[in-house]
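Chain identifiers are assigned alphabetically (A, B, ...) following the order of the sequence lines, protein sequences preceding nucleic acid strands; residue numbering begins at 1 within each chain. Worth knowing before you read on, the calculation uses all heavy atoms, side chains too, and leaves out hydrogens, waters and symmetry mates. Quick caveat: nothing in here was measured; it's all calculated off a predicted structure.
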Amino acid sequence: MKQKLVTLLQQSVEALKSEGILEQELSPKINIDHTKDTRHGDFSTNLAMILAKSAKTNPRQLAEKIISSLPEDSTVSKVEIAGPGFINFFINADAQFQIIGQIHNAGNKFGLSDIGAGKKVQVEFVSANPTGPLHVGHGRGAAYGSAVADLLQAIGYNVSKEYYVNDAGRQMDILATSIWLRYLEECGELITFPSNGYRGEYIREIAFSIHKKAGNEYRHPSELVIEHIPDDEPQGGDKEIHIDALIDRAKTLLGSSLYHDIFQAGLSVILGDIKQDLEEFGVTFQEWFSERTLMEDGSVKEALKRLDKEGYLYQKEGATWFSSSKLGDEKDRVVVRDNGQSTYFASDIAYHMNKLDRGFDQIINIWGADHHGYIPRVKAAMQALGADDSKLNVLLVQFAVLYRGKEKVPMSTRSGEFVTLRQLRSEVGKDAARFFYVMRKSEQHMDFDLKLATSKTNENPVFYVQYAHARVCSVLRQLDEKGWKRDLLLGMENLNLLTEDHETALITTLSKYPGALERAALQYEPHQLIHYLRELANNFHTYYNAHQFLTDDATLRNARLNLICAAKQILANGLTLLNINTPESM
RNA sequence: GUCCCGAUAGCUCAGCUGGAUAGAGCGGCCCCCUCCUAAGGGGCAGGCCGGGGGUUCGACUCCCUCUCGGGACGCCA
């Protein structure tokens with residue numbers, strides 16, 4: 001409908017050009033908006049106000065001329081000038097009704113489009129270190145990332161969802177060592193657990209199962225384990241030095257093969273847990289990309305070689321630096337440490353090189369907001385690799401701050417004191433969790449009150465939307481119980497009986513769905529879709545309370561049924577896209 | 001100190017790439033089930049859109065500045 005009005009206005013502008021009223025080279029962007037107030041018609045444009053200056057006349061006069069050279073069209077019943085120079089369009093009711101038939105014909109495909117034209121987009125998200133279960137902070141990234149990806153898919157992009165697994169590096173060594181120490185405890189050794197180790201209960205569980213399976217195979221006396229190890233922080237030492245020494249000790253005592261066993265056991269259990277957790281949350285990935293493979297297959301070396309070849313690497317103080325400051329970063333960054341190990345950032349450069357090589361037209365990274373300082377250096381790396389860094393789009397997600405009532409819940413992965421995504425799901429359910437997470441703008445701080453979210457009294461907006469869907473289903477069941485049958489054709493032929501204010505409002509809202517979906521997708525703002533669905537549900541509930549659908553008059557009844565079934569379809573399309581269930585009864 | 005994000009009703013937040021009288025939910029008060037699930041609906045009260053400048057026909061929206069919150073600034077990942 002919008003497109004149609006744009007075309008009509010374009011024709012009018014062309015006509016005015018040839019009359020010499022408007023300048024030839026003018027090609028204004030034509031803006032059509034839904035009106036907020038029905039007294040202003042259905043659509044409006046600010047075209048006259050935009051062009052008034054260059055046409056050297058006032059907006060209302062110009063609007064007059066635009067209207068008079070507007071071609072006749074059967075869908076437009078009235079055109080008015082209002083306010084400072086808005087041109088308001090009133091659409092024929094018959095044309096408005098068409099949306100119901102369109103929704104019925106397209107079904108669950110209604111709203112989908114090919115705006116993306118099949119362009120390849122990669123969305124990388126969650127990518128939490130596999131050192132423990134996902135917590136509620138990761139949950140937000142998961143919900144947001146999958147929503148963004150699914151929305152882009154819906155408007156015709158070819159989307160690939162990916163999880164980058166940080167299965168290399170010091171954190172993983174700390175994990176392996178933590179497991180080993182718990183294992184030693186399991187064997188009966190007396191161990192003072194490092195303050196910097198992973199303290200979660202899941203570590204003990206992994207240790208327990210290793211002990212159960214392998215007995216004392218990995219056991220060493222605690223005296224040997226702690227011999228000459230520098231003090232931990234509580235004893236006045238440095239916790240980092242302490243844990244690094246323990247890692248070295250683990251590697252020495254166990255040897256690389258046995259150490260790798262422990263490492264691998266930890267990784268596979270935790271990663272398996274994460275995968276299952278996400279799957280139950282309705283989040284799936286095409287690719288789980290391992291950081292370690294980048295190191296093992298030489299990609300990291302290759303990436304550094306390319307940077308070196310372009311003259312972006314130099315040596316200083318025993319380390320290798322990338323001169324990212326030449327490319328917009330605030331300072332240069334180390335890529336190979338003085339101990340010969342490459343940094344996390346080096347892996348990241350290789351990873352993005354890999355993404356580029358895979359030929360994505362657009363790369364979207366979803367990161368926690370605390371990583372925003374990384375954006376310039378990654379973009380710098382992409383430029384250094386000869387790529388267009390505008391291909392990379394980093395979306396930031398603020399952490400959710402948890403509250404229990406008025407009390408802030410402290411969270412730290414190390415201390416093991418955190419609320420997991422799994423706990424959240426079991427308490428509030430998948431639907432509520434996803435809905436809540438995506439309800440807010442991603443870069444907005446979010447207060448997540450567990451008490452409120454876990455309370456059985458439902459102030460939860462997800463039910464409001466789901467209930468609208470269930471209510472339509474209920475009406476259809478009632479129809480059946482009354483021994484009536486739905487007559488689709490009869491309803492379609494009598495849509496013109498839908499003249500109540502509530503009905504036109506609902507129809508208008510339905511017609512906004514494709515636009516809402518498109519905007520939500522292109523702006524990476526799934527919350528816009530949520531807001532749309534709430535508006536739609538509200539329109540429906542109001543209508544439901546004001547009018548009886550199952551009237552004795554079969555023509556009116558079937559017309560109304562067609563309308564509410566269209567509403568049901570859109571509710572289902574939107575909720576399904578967000579991976580939220582559409583219950584038939586509640 | 002530099003950078004990022006935020007500041008809108010008592011609370012939590014929207015405000016659709018600058019538009020007409022700033023909205024919703026919750027909380028408060030008042031109404032609506034002989035009627036398709038009241039997990040619903042209707043109404044009332046509640047706002048210097050953080051302050052101040054600027055651009056514009058027009059600003060919650062864009063620019064500058066200040067104030068106040070949150071976060072980031074490692075040879076950690």
Discussion item. Would you measure the distance from the P atom in B:C13 across to the matching atom in B:G54 and give it in whole Å?
Written reply: 33 Å
Worksheet item: What interatomic distance, in whole Å, is found between P of B:G19 and the corresponding atom of B:C11?
Response: 27 Å
Discussion item. Under 3.5 Å for both donor-acceptor distances, Watson-Crick or wobble: does B:C60 have a partner, and if so which one?
Written reply: none
Worksheet item: Rounded to the nearest 0.5 Å, what separation is found between the NZ atom of A:Lys430 and the CG atom of A:Leu424?
Response: 13.5 Å
Discussion item. Taking B:C49 as the reference, what is the distance to B:C60 when you measure between their P atoms (whole Å, please)?
Written reply: 8 Å
Fill in: A:Pro84 vs A:Glu443, nearer the 5' end of RNA chain B by closest nucleotide
A:Glu443
Worksheet item: With both distances kept under 3.5 Å, what pairs with B:A14, Watson-Crick or G-U wobble?
Response: none
Discussion item. Within residues 541-565 of chain A, which residues have any heavy atom lying less than 4.0 Å from an atom of RNA chain B?
Written reply: A:His541, A:Thr542, A:Tyr544, A:Asn545, A:His547, A:Gln548, A:Phe549, A:Leu550
Fill in: Who pairs with B:A72 - Watson-Crick or G-U, where each distance is under 3.5 Å
B:U2
Discussion item. By a 5.5 angstrom centroid cut-off and a 30 degree plane limit, is there stacking between A:His531 and B:A24?
Written reply: no
Discussion item. A:Asp431: which residues meet the salt bridge (Lys or Arg N to Asp or Glu O under 4.0 Å) condition with it, sequence neighbours left out?
Written reply: none
Practice prompt. Determine the contact category for A:Ala168: base if any of its heavy atoms lies under 4.0 Å from a base atom, sugar-phosphate if only primed atoms, P, OP1 or OP2 are that close, otherwise nothing.
Written response: sugar-phosphate
Discussion item. Check the phosphate of B:G41 against A:Asn538, side-chain N and O only, distance under 4.0 Å to OP1 or OP2. Yes or no?
Written reply: yes
Worksheet, complete the sentence: The salt bridge (Lys or Arg N to Asp or Glu O under 4.0 Å) partners of A:Asp329 (sequence neighbours excluded) come to A:Arg333
Worksheet item: Who passes salt bridge (Lys or Arg N to Asp or Glu O under 4.0 Å) against A:Glu291, sequence neighbours left out?
Response: none
Worksheet item: So what does A:Ala82 touch, heavy atoms closer than 4.0 Å: a base, only the sugar-phosphate, or nothing?
Response: base
Discussion item. With the 90 degree cut-off around zero defining syn, does B:C33 come out syn or anti?
Written reply: syn
Worksheet item: Which part of the nucleic acid, if any, lies within reach of A:Lys441 when heavy atoms closer than 4.0 Å are counted: base, sugar-phosphate only, or nothing?
Response: sugar-phosphate
Distances under 3.5 Å between protein N/O atoms and the N/O atoms of nucleotides 73-76 of chain B, please, pair by pair.
from	atom 1	to	atom 2	distance (Å)
B:C73	O2'	A:Glu330	OE2	3.2
B:G74	OP2	A:Lys331	NZ	3.4
B:C75	O2	A:Asp338	N	2.9
B:C75	O2	A:Asp338	OD1	3.2
B:C75	N4	A:Glu317	O	3.1
B:C75	N4	A:Glu317	OE1	3.4
B:C76	OP2	A:Arg337	NE	3.1
B:C76	OP2	A:Arg337	NH1	2.3

Worksheet entry | Same-atom distance (C1') from B:U8 to B:C68, integer angstrom | 16 Å
Worksheet item: Taking the inter-plane angle between the rings of A:His547 and A:His502 on a 0 to 90° scale, is it parallel (under 30°), tilted (30 to 60°) or perpendicular (over 60°)?
Response: perpendicular
Item to complete: May I ask which nucleotide in the shown strands pairs with B:A22, Watson-Crick or G-U wobble, both distances under 3.5 Å?
Response: none
Worksheet item: So what's B:U34 paired with, Watson-Crick or G-U wobble, going by both distances under 3.5 Å?
Response: none
Practice prompt. Applying side chain to side chain donor-acceptor pair (under 3.5 Å), name anything that partners A:Tyr314, two or more places apart in sequence or on another chain.
Written response: A:Asp332
Practice prompt. Apply side chain to side chain contact (heavy atoms under 4.5 Å, CB included) to A:Thr35 and list each qualifying residue two or more places apart in sequence or on a separate chain.
Written response: A:His40, A:Ser44
Discussion item. In whole Å, measure the gap between the P atoms of B:A14 and B:A24 for me.
Written reply: 16 Å
Worksheet entry | Pair partner, B:A9 [Watson-Crick or wobble, under 3.5 Å] | none
Discussion item. Checking A:Glu503 now: which residues fulfil side chain to side chain contact (heavy atoms under 4.5 Å, CB included) with it, not counting sequence neighbours?
Written reply: A:Leu498, A:Glu500, A:Tyr543, A:Arg560, A:Leu563
Worksheet entry | Donor-acceptor pair under 3.5 Å, A:Thr35 side chain vs B:A20 base | no
Item to complete: Determine the contact category for A:Thr320: base if any of its heavy atoms lies under 4.0 Å from a base atom, sugar-phosphate if only primed atoms, P, OP1 or OP2 are that close, otherwise nothing.
Response: nothing
Discussion item. Base of B:A20, side chain of A:Asn88 - is there a donor-acceptor contact under 3.5 Å?
Written reply: yes
Fill in: With A:Gln61 via side chain to side chain donor-acceptor pair (under 3.5 Å) - residues at least two apart
A:Thr57
Discussion item. Enumerate the side-chain hydrogen bond (donor to acceptor under 3.5 Å, both in side chains) contacts for residues 473-485 of chain A, please, sequence neighbours excluded, ordered by first and then second residue.
Written reply: none
Worksheet item: Is the ring centre of A:Tyr164 less than 6.0 Å from the ring centre of A:Tyr351?
Response: yes
Practice prompt. Could you list the residues that satisfy ring-ring contact (aromatic ring centres under 6.0 Å, His included) with A:Tyr163, not counting sequence neighbours?
Written response: A:Phe285, A:Trp288
Worksheet item: With a non-hydrogen cut-off below 4.0 angstrom, is A:Ser347 in contact with a base, only sugar-phosphate, or nothing?
Response: nothing
Pull out every protein N or O sitting under 3.5 Å from an N or O of nucleotides 7-12 of chain B, one pair per line with the distance.
from	atom 1	to	atom 2	distance (Å)
B:U12	O2'	A:Arg440	NH2	2.6

